[in-house]
Amino acid sequence: MSDSESDPGDHAGNIKHFSGPVENAWLLEIPEFKPEDNPNGLVEESSFSCLFPKYREKYIKECWPLVEKSLMAHHIKSELDLIVGNMTVRTTRKTWDPFIIMKSRDLIKLLSRSVPYEQAIKVLDDEISCDIIKIKNLIRNKDKFVKRRSRLIGPNGCTLKSLELLTNCYVLVQGATVSAIGPYKGLQCVRKVVEETMKNIHPIYNIKALMIKRELMKDEKLREENWERYLPRFQSKNTSKRAKPKLVKKKKDYTPFPPPLLESKIDKQLASGEYFLTEEQKQAKKQQAQLVKEKRDADVQKSRREQDFVAPVESNIRVKRSADKKATNEIDVESLKGKIAKATKKAIKKK
(Lines give C-alpha, C1' and ligand atoms only; values in the text may rest on other atoms or scores of the structure.)
Protein backbone atom coordinates (compact mmCIF):
# COMPACT_ATOMS: atom_id res chain seq x y z
CA MET A 1 0.00 0.00 0.00
CA SER A 2 1.45 3.40 -0.98
CA ASP A 3 1.73 6.39 1.34
CA SER A 4 -1.03 8.26 -0.48
CA GLU A 5 -3.50 5.43 0.19
CA SER A 6 -4.62 5.08 3.75
CA ASP A 7 -6.38 2.26 5.49
CA PRO A 8 -10.08 3.10 6.05
CA GLY A 9 -9.84 1.46 9.43
CA ASP A 10 -7.51 4.20 10.63
CA HIS A 11 -10.33 6.78 10.53
CA ALA A 12 -13.08 4.53 11.80
CA GLY A 13 -12.47 5.25 15.46
CA ASN A 14 -14.45 2.78 17.53
CA ILE A 15 -16.13 1.26 14.44
CA LYS A 16 -14.44 -1.96 13.39
CA HIS A 17 -14.23 -3.43 9.87
CA PHE A 18 -17.46 -4.95 8.63
CA SER A 19 -16.99 -7.89 6.29
CA GLY A 20 -20.64 -8.11 5.24
CA PRO A 21 -22.43 -6.24 2.43
CA VAL A 22 -22.61 -2.45 2.47
CA GLU A 23 -26.40 -2.32 2.76
CA ASN A 24 -26.23 -3.99 6.19
CA ALA A 25 -23.84 -1.38 7.59
CA TRP A 26 -26.74 0.20 9.55
CA LEU A 27 -26.70 -2.84 11.81
CA LEU A 28 -23.53 -1.49 13.47
CA GLU A 29 -24.06 0.10 16.84
CA ILE A 30 -23.58 3.88 16.97
CA PRO A 31 -20.91 4.69 19.57
CA GLU A 32 -21.95 6.78 22.55
CA PHE A 33 -20.96 10.44 22.49
CA LYS A 34 -18.77 11.11 25.54
CA PRO A 35 -17.12 14.23 27.03
CA GLU A 36 -13.75 13.01 25.74
CA ASP A 37 -15.05 13.40 22.16
CA ASN A 38 -15.53 17.16 22.64
CA PRO A 39 -13.03 18.32 25.27
CA ASN A 40 -13.10 22.00 24.16
CA GLY A 41 -16.87 22.36 24.72
CA LEU A 42 -19.10 24.72 22.74
CA VAL A 43 -17.90 27.91 21.08
CA GLU A 44 -21.00 30.09 21.69
CA GLU A 45 -23.75 30.19 24.26
CA SER A 46 -27.19 29.02 23.15
CA SER A 47 -30.45 29.62 24.97
CA PHE A 48 -34.18 28.90 24.52
CA SER A 49 -37.20 30.34 26.31
CA CYS A 50 -40.75 29.07 26.61
CA LEU A 51 -43.88 30.62 28.13
CA PHE A 52 -46.28 28.56 30.21
CA PRO A 53 -49.96 29.17 31.08
CA LYS A 54 -51.11 30.41 34.46
CA TYR A 55 -52.71 27.12 35.51
CA ARG A 56 -49.32 25.33 35.15
CA GLU A 57 -47.51 27.74 37.48
CA LYS A 58 -48.11 25.76 40.68
CA TYR A 59 -46.97 22.41 39.24
CA ILE A 60 -43.87 23.85 37.51
CA LYS A 61 -42.88 25.68 40.70
CA GLU A 62 -43.05 22.41 42.66
CA CYS A 63 -41.06 20.30 40.19
CA TRP A 64 -38.54 22.97 39.14
CA PRO A 65 -35.82 21.86 41.61
CA LEU A 66 -35.92 18.40 40.00
CA VAL A 67 -35.67 19.98 36.53
CA GLU A 68 -32.64 22.03 37.60
CA LYS A 69 -30.95 18.97 39.07
CA SER A 70 -31.52 16.91 35.90
CA LEU A 71 -30.24 19.66 33.61
CA MET A 72 -27.19 20.43 35.75
CA ALA A 73 -26.10 16.82 35.21
CA HIS A 74 -25.70 17.82 31.54
CA HIS A 75 -24.20 21.25 32.44
CA ILE A 76 -27.30 23.16 31.34
CA LYS A 77 -28.41 26.20 33.32
CA SER A 78 -32.15 26.72 33.80
CA GLU A 79 -34.13 29.74 35.02
CA LEU A 80 -37.76 30.14 36.05
CA ASP A 81 -39.51 33.52 35.97
CA LEU A 82 -42.90 33.31 37.69
CA ILE A 83 -43.70 36.99 37.15
CA VAL A 84 -43.51 36.79 33.35
CA GLY A 85 -44.40 33.07 33.23
CA ASN A 86 -41.26 32.06 31.38
CA MET A 87 -38.78 29.14 31.46
CA THR A 88 -35.26 29.54 30.05
CA VAL A 89 -32.46 27.03 29.40
CA ARG A 90 -28.93 27.96 28.29
CA THR A 91 -25.57 26.29 27.80
CA THR A 92 -22.52 26.87 30.01
CA ARG A 93 -18.79 26.64 29.49
CA LYS A 94 -18.81 23.06 30.74
CA THR A 95 -21.44 21.91 28.23
CA TRP A 96 -19.83 19.38 25.92
CA ASP A 97 -22.87 17.88 24.15
CA PRO A 98 -24.05 20.22 21.34
CA PHE A 99 -27.49 18.58 21.04
CA ILE A 100 -28.42 18.61 24.74
CA ILE A 101 -29.68 22.20 24.45
CA MET A 102 -32.29 21.01 21.90
CA LYS A 103 -33.34 18.27 24.30
CA SER A 104 -33.63 20.83 27.09
CA ARG A 105 -35.79 23.03 24.88
CA ASP A 106 -38.12 20.06 24.26
CA LEU A 107 -38.27 19.44 28.02
CA ILE A 108 -39.54 22.91 28.89
CA LYS A 109 -41.97 22.80 25.95
CA LEU A 110 -43.48 19.57 27.23
CA LEU A 111 -43.75 20.92 30.77
CA SER A 112 -45.66 23.95 29.48
CA ARG A 113 -48.09 21.65 27.63
CA SER A 114 -49.29 19.78 30.76
CA VAL A 115 -46.92 16.80 30.39
CA PRO A 116 -45.91 15.50 33.86
CA TYR A 117 -42.25 15.77 34.87
CA GLU A 118 -41.82 11.97 35.10
CA GLN A 119 -42.62 11.62 31.39
CA ALA A 120 -41.03 14.85 30.13
CA ILE A 121 -37.61 14.07 31.66
CA LYS A 122 -37.33 11.00 29.40
CA VAL A 123 -36.70 13.28 26.43
CA LEU A 124 -33.13 13.88 27.66
CA ASP A 125 -32.19 10.30 26.68
CA ASP A 126 -30.48 9.78 23.32
CA GLU A 127 -32.96 7.21 21.99
CA ILE A 128 -36.04 9.17 23.07
CA SER A 129 -37.47 12.21 21.34
CA CYS A 130 -40.73 14.16 21.36
CA ASP A 131 -43.23 15.42 18.83
CA ILE A 132 -45.84 18.15 19.41
CA ILE A 133 -48.62 17.79 16.83
CA LYS A 134 -50.88 20.80 16.28
CA ILE A 135 -54.35 19.54 15.39
CA LYS A 136 -56.33 22.77 15.58
CA ASN A 137 -55.60 23.85 11.99
CA LEU A 138 -56.39 20.43 10.51
CA ILE A 139 -60.15 21.04 10.69
CA ARG A 140 -62.16 24.26 10.70
CA ASN A 141 -65.51 23.16 12.12
CA LYS A 142 -65.34 23.32 15.92
CA ASP A 143 -67.99 20.61 16.52
CA LYS A 144 -66.22 18.18 14.17
CA PHE A 145 -62.88 19.02 15.81
CA VAL A 146 -64.20 18.16 19.31
CA LYS A 147 -65.86 14.96 18.05
CA ARG A 148 -62.74 13.66 16.27
CA ARG A 149 -60.48 14.59 19.17
CA SER A 150 -62.69 12.59 21.54
CA ARG A 151 -62.60 9.74 19.00
CA LEU A 152 -58.80 9.80 19.21
CA ILE A 153 -58.96 9.53 23.01
CA GLY A 154 -61.65 6.83 22.95
CA PRO A 155 -64.03 5.76 25.72
CA ASN A 156 -62.19 6.03 29.05
CA GLY A 157 -58.97 6.67 27.07
CA CYS A 158 -58.79 3.09 25.72
CA THR A 159 -57.89 4.14 22.13
CA LEU A 160 -55.04 6.32 23.37
CA LYS A 161 -53.82 3.54 25.68
CA SER A 162 -53.75 1.01 22.83
CA LEU A 163 -51.78 3.47 20.70
CA GLU A 164 -49.27 3.91 23.52
CA LEU A 165 -48.81 0.15 23.91
CA LEU A 166 -48.28 -0.42 20.18
CA THR A 167 -45.86 2.49 19.62
CA ASN A 168 -44.06 2.49 23.02
CA CYS A 169 -44.78 6.21 23.28
CA TYR A 170 -46.43 8.41 25.88
CA VAL A 171 -49.27 10.38 24.24
CA LEU A 172 -51.14 13.29 25.83
CA VAL A 173 -54.04 15.16 24.18
CA GLN A 174 -54.27 18.67 25.63
CA GLY A 175 -56.36 21.42 24.05
CA ALA A 176 -55.39 21.89 20.41
CA THR A 177 -52.13 19.86 20.55
CA VAL A 178 -51.05 16.24 20.96
CA SER A 179 -47.74 15.68 22.77
CA ALA A 180 -45.91 12.40 22.16
CA ILE A 181 -42.69 11.11 23.79
CA GLY A 182 -40.94 7.95 22.66
CA PRO A 183 -38.61 6.39 20.05
CA TYR A 184 -38.42 7.93 16.58
CA LYS A 185 -40.27 5.12 14.79
CA GLY A 186 -43.06 5.24 17.34
CA LEU A 187 -43.41 9.01 16.94
CA GLN A 188 -43.88 8.60 13.19
CA CYS A 189 -46.73 6.15 13.78
CA VAL A 190 -48.35 8.44 16.36
CA ARG A 191 -48.26 11.44 14.01
CA LYS A 192 -49.75 9.37 11.17
CA VAL A 193 -52.60 8.10 13.36
CA VAL A 194 -53.37 11.56 14.80
CA GLU A 195 -53.41 13.33 11.42
CA GLU A 196 -55.57 10.66 9.77
CA THR A 197 -58.00 10.68 12.70
CA MET A 198 -58.50 14.42 12.30
CA LYS A 199 -59.11 13.78 8.57
CA ASN A 200 -62.07 11.53 9.46
CA ILE A 201 -60.30 8.15 9.31
CA HIS A 202 -61.14 6.11 12.38
CA PRO A 203 -58.07 5.26 14.51
CA ILE A 204 -59.16 1.62 14.80
CA TYR A 205 -57.91 0.98 11.23
CA ASN A 206 -54.39 2.21 12.05
CA ILE A 207 -54.36 0.40 15.39
CA LYS A 208 -55.37 -2.83 13.67
CA ALA A 209 -52.60 -2.32 11.08
CA LEU A 210 -50.02 -1.77 13.85
CA MET A 211 -51.12 -4.98 15.57
CA ILE A 212 -50.78 -6.95 12.32
CA LYS A 213 -47.32 -5.47 11.68
CA ARG A 214 -46.19 -6.47 15.17
CA GLU A 215 -47.27 -10.08 14.55
CA LEU A 216 -45.64 -10.15 11.08
CA MET A 217 -42.34 -8.94 12.54
CA LYS A 218 -42.20 -12.06 14.70
CA ASP A 219 -42.25 -14.33 11.64
CA GLU A 220 -38.80 -14.58 10.06
CA LYS A 221 -40.19 -15.74 6.68
CA LEU A 222 -42.56 -12.80 6.32
CA ARG A 223 -40.19 -10.19 7.71
CA GLU A 224 -38.65 -9.34 4.32
CA GLU A 225 -41.87 -9.63 2.26
CA ASN A 226 -44.44 -7.04 1.27
CA TRP A 227 -47.18 -6.75 3.90
CA GLU A 228 -49.67 -4.85 1.77
CA ARG A 229 -52.03 -7.80 1.37
CA TYR A 230 -52.26 -8.37 5.14
CA LEU A 231 -53.07 -4.80 6.13
CA PRO A 232 -56.68 -3.51 6.23
CA ARG A 233 -57.70 -1.08 3.54
CA PHE A 234 -59.81 1.94 4.29
CA GLN A 235 -62.24 3.16 1.65
CA SER A 236 -63.99 6.43 2.38
CA LYS A 237 -67.70 6.22 1.66
CA ASN A 238 -69.65 9.42 1.27
CA THR A 239 -73.13 8.00 1.82
CA SER A 240 -75.95 10.30 2.82
CA LYS A 241 -78.42 9.23 5.52
CA ARG A 242 -81.45 9.90 3.35
CA ALA A 243 -81.78 10.07 -0.39
CA LYS A 244 -82.64 13.57 -1.48
CA PRO A 245 -84.49 14.11 -4.76
CA LYS A 246 -82.35 15.65 -7.41
CA LEU A 247 -83.50 19.14 -8.24
CA VAL A 248 -83.40 19.97 -11.93
CA LYS A 249 -83.09 23.68 -12.50
CA LYS A 250 -85.08 24.90 -15.46
CA LYS A 251 -83.51 27.54 -17.61
CA LYS A 252 -85.48 30.75 -17.78
CA ASP A 253 -86.53 32.14 -21.11
CA TYR A 254 -84.15 34.73 -22.40
CA THR A 255 -85.49 38.26 -22.42
CA PRO A 256 -83.47 41.28 -23.50
CA PHE A 257 -85.30 43.48 -20.98
CA PRO A 258 -84.03 43.87 -17.42
CA PRO A 259 -86.16 42.56 -14.51
CA PRO A 260 -88.67 45.03 -13.03
CA LEU A 261 -87.48 47.08 -10.09
CA LEU A 262 -88.82 46.23 -6.65
CA GLU A 263 -91.26 48.73 -5.19
CA SER A 264 -89.92 50.82 -2.36
CA LYS A 265 -91.83 51.72 0.79
CA ILE A 266 -92.71 55.15 -0.60
CA ASP A 267 -94.02 53.61 -3.85
CA LYS A 268 -96.34 51.34 -1.87
CA GLN A 269 -97.60 54.31 0.18
CA LEU A 270 -98.25 56.29 -2.99
CA ALA A 271 -100.19 53.39 -4.51
CA SER A 272 -102.40 52.97 -1.40
CA GLY A 273 -102.81 56.72 -0.85
CA GLU A 274 -101.26 56.56 2.63
CA TYR A 275 -98.48 58.91 1.57
CA PHE A 276 -100.89 61.89 1.33
CA LEU A 277 -102.44 61.36 4.78
CA THR A 278 -101.60 63.67 7.67
CA GLU A 279 -100.10 62.48 10.91
CA GLU A 280 -103.50 62.63 12.68
CA GLN A 281 -105.15 60.58 9.93
CA LYS A 282 -102.34 58.00 10.06
CA GLN A 283 -102.73 57.76 13.85
CA ALA A 284 -106.51 57.35 13.57
CA LYS A 285 -106.09 54.64 10.93
CA LYS A 286 -103.61 52.82 13.12
CA GLN A 287 -105.99 52.98 16.12
CA GLN A 288 -108.87 51.72 13.98
CA ALA A 289 -106.79 48.73 12.83
CA GLN A 290 -105.86 48.05 16.46
CA LEU A 291 -109.54 48.08 17.52
CA VAL A 292 -110.49 45.68 14.73
CA LYS A 293 -107.70 43.33 15.76
CA GLU A 294 -108.75 43.44 19.43
CA LYS A 295 -112.38 42.73 18.51
CA ARG A 296 -111.34 39.77 16.36
CA ASP A 297 -109.16 38.37 19.15
CA ALA A 298 -112.00 38.83 21.66
CA ASP A 299 -114.41 36.87 19.44
CA VAL A 300 -111.90 34.04 19.09
CA GLN A 301 -111.36 33.94 22.86
CA LYS A 302 -115.12 33.96 23.53
CA SER A 303 -115.76 31.06 21.14
CA ARG A 304 -112.90 29.13 22.76
CA ARG A 305 -114.43 29.58 26.24
CA GLU A 306 -117.95 28.60 25.05
CA GLN A 307 -116.65 25.30 23.74
CA ASP A 308 -116.28 24.06 27.34
CA PHE A 309 -120.07 24.34 27.85
CA VAL A 310 -121.13 22.57 24.61
CA ALA A 311 -122.37 19.00 25.19
CA PRO A 312 -120.32 16.39 23.40
CA VAL A 313 -121.93 14.63 20.43
CA GLU A 314 -122.81 11.02 21.18
CA SER A 315 -121.57 8.42 18.82
CA ASN A 316 -123.92 6.33 16.63
CA ILE A 317 -123.16 3.12 18.55
CA ARG A 318 -124.16 4.66 21.84
CA VAL A 319 -127.45 6.03 20.35
CA LYS A 320 -128.29 2.63 18.82
CA ARG A 321 -127.67 0.82 22.12
CA SER A 322 -129.89 3.24 24.02
CA ALA A 323 -132.66 2.79 21.41
CA ASP A 324 -132.45 -1.02 21.71
CA LYS A 325 -132.61 -0.75 25.47
CA LYS A 326 -135.76 1.40 25.31
CA ALA A 327 -137.37 -1.07 22.90
CA THR A 328 -136.77 -3.97 25.30
CA ASN A 329 -138.24 -2.03 28.22
CA GLU A 330 -141.56 -1.35 26.39
CA ILE A 331 -144.29 -4.01 27.17
CA ASP A 332 -146.68 -5.34 24.44
CA VAL A 333 -150.10 -5.43 26.26
CA GLU A 334 -152.08 -7.19 23.48
CA SER A 335 -149.69 -10.12 23.21
CA LEU A 336 -149.69 -10.41 27.01
CA LYS A 337 -153.53 -10.60 27.09
CA GLY A 338 -153.52 -13.37 24.46
CA LYS A 339 -151.02 -15.40 26.46
CA ILE A 340 -153.17 -15.08 29.65
CA ALA A 341 -156.31 -16.19 27.77
CA LYS A 342 -154.59 -19.29 26.41
CA ALA A 343 -153.31 -20.18 29.83
CA THR A 344 -156.82 -19.93 31.38
CA LYS A 345 -158.35 -22.17 28.64
CA LYS A 346 -155.70 -24.84 29.28
CA ALA A 347 -156.45 -24.74 33.00
CA ILE A 348 -160.25 -25.14 32.43
CA LYS A 349 -159.72 -28.15 30.13
CA LYS A 350 -157.57 -29.94 32.69
CA LYS A 351 -160.29 -29.56 35.30
Side-chain angles (χ1 to χ4, degrees), residues 50-60 62-63 85 87 105-123 128-216 227-228 230-244:
C50 180
L51 297 171
F52 58 86
K54 186 72 175 176
Y55 63 87
R56 289 289 292 172
E57 180 179 335
K58 184 179 178 182
Y59 181 80
I60 292 174
E62 291 176 356
C63 70
M87 292 181 289
R105 179 202 62 181
D106 294 339
L107 172 63
I108 59 176
K109 273 188 178 181
L110 292 170
L111 287 173
S112 65
R113 294 182 182 273
S114 300
V115 177
Y117 166 78
E118 291 79 8
Q119 299 292 339
I121 200 64
K122 294 179 182 178
V123 82
I128 303 297
S129 184
C130 74
D131 190 7
I132 297 171
I133 309 162
K134 296 181 180 180
I135 58 176
K136 188 176 183 180
N137 297 329
L138 296 177
I139 183 168
R140 293 182 180 179
N141 194 331
K142 188 176 180 181
D143 295 334
K144 288 183 179 179
F145 169 75
V146 173
K147 187 176 180 181
R148 292 175 189 177
R149 185 182 61 180
S150 61
R151 186 186 297 169
L152 176 64
I153 298 170
N156 299 325
C158 64
T159 307
L160 210 61
K161 188 65 179 176
S162 348
L163 187 63
E164 289 179 354
L165 293 172
L166 290 168
T167 57
N168 296 325
C169 295
Y170 172 80
V171 185
L172 177 69
V173 180
Q174 176 70 18
T177 58
V178 178
S179 304
I181 306 168
Y184 294 96
K185 288 290 184 182
L187 294 177
Q188 290 178 358
C189 296
V190 171
R191 176 172 277 274
K192 180 174 179 288
V193 173
V194 170
E195 289 180 351
E196 290 189 355
T197 302
M198 301 309 292
K199 292 176 182 177
N200 203 19
I201 297 176
H202 204 281
I204 194 66
Y205 292 101
N206 289 303
I207 288 172
K208 189 176 180 181
L210 289 172
M211 292 173 68
I212 294 170
K213 286 179 182 178
R214 174 177 280 192
E215 294 299 322
L216 291 172
W227 296 343
E228 196 67 31
Y230 299 108
L231 301 177
R233 295 179 181 178
F234 173 74
Q235 295 179 354
S236 59
K237 295 180 181 179
N238 227 348
T239 56
S240 57
K241 293 183 179 179
R242 54 184 179 183
K244 297 180 181 178

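Side chains are part of it too, since the values below use all heavy atoms of this structure and drop only hydrogens, waters and symmetry mates.
The local environment of CG in N141 is crowded, with over 12 non-hydrogen atoms from other residues, nucleotides or ligands closer than 6.0 Å.
Side-chain atoms of E164 never come within 3.5 Å of backbone atoms of Y170 as a donor-acceptor pair (strictly under, hydrogens ignored). Between the side chain of R56 and the main chain of R113, no donor-acceptor pair closer than 3.5 Å is present.
Here the side chains of R148 and K144 are in contact, with some heavy-atom distance below 4.5 Å. Residues L111 and F52 are not in side-chain contact: their nearest non-hydrogen atoms beyond the backbone lie 4.5 Å or more apart. Looking only at side-chain heavy atoms (C-beta outward), L152 and V178 come within less than 4.5 Å of each other. You'll find the side chain of L107 reaches within 4.5 Å of the side chain of I121, heavy atoms only. Proximity of S114 to Y59: side-chain heavy atoms (C-beta onward) are nowhere separated by under 4.5 Å. Residues P183 and K185 form no side-chain contact, since every pair of their non-hydrogen atoms from C-beta on lies 4.5 Å or further apart.
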Decide yes or no on side chain to side chain contact (heavy atoms under 4.5 Å, CB included) for V193 and L163, but give the supporting numbers first.
-> CA-CA 9 Å; V193 173; L163 187 63; 3.9 Å; yes
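Rounding to the nearest 0.5 angstrom, the gap separating the SG atom in C130 from the NZ atom in K122 is 13.5 Å. A distance of 4.5 Å separates SG of C169 from CG of L187, quoted to the nearest 0.5 Å. The CD atom of Q174 sits 12.5 Å away from the CG atom of L110 when rounded to the nearest 0.5 Å. Expressed to the nearest 0.5 Å, how far CZ of F145 lies from CG of N137 amounts to 9.5 Å. With values rounded to the nearest 0.5 angstrom, C50 atom SG is found 5.0 Å from I108 atom CD1. The distance from the CG atom of L51 to the OG atom of S112 is 8.5 Å, given to the nearest 0.5 Å.
A side chain to side chain contact (heavy atoms under 4.5 Å, CB included) with V190 is found for exactly one of D131, I181, T167, namely T167. Looking at I212, N206, L210 one by one, the single match for side chain to side chain contact (heavy atoms under 4.5 Å, CB included) with K208 turns out to be I212.
Between E196 and K199 there is no salt bridge, since no side-chain nitrogen of the basic residue lies less than 4.0 Å from a carboxylate oxygen of the acidic one. In summary, E195 and R191 engage in a salt bridge, as defined by a charged side-chain N under 4.0 Å from a carboxylate O.
For the residue pair I132 and S179, the shortest heavy atom distance occurs at CG1-OG, 4.3 Å.
Side-chain atoms of R151 and N200 form a donor-acceptor pair, as typed in the model, at a separation below 3.5 Å.
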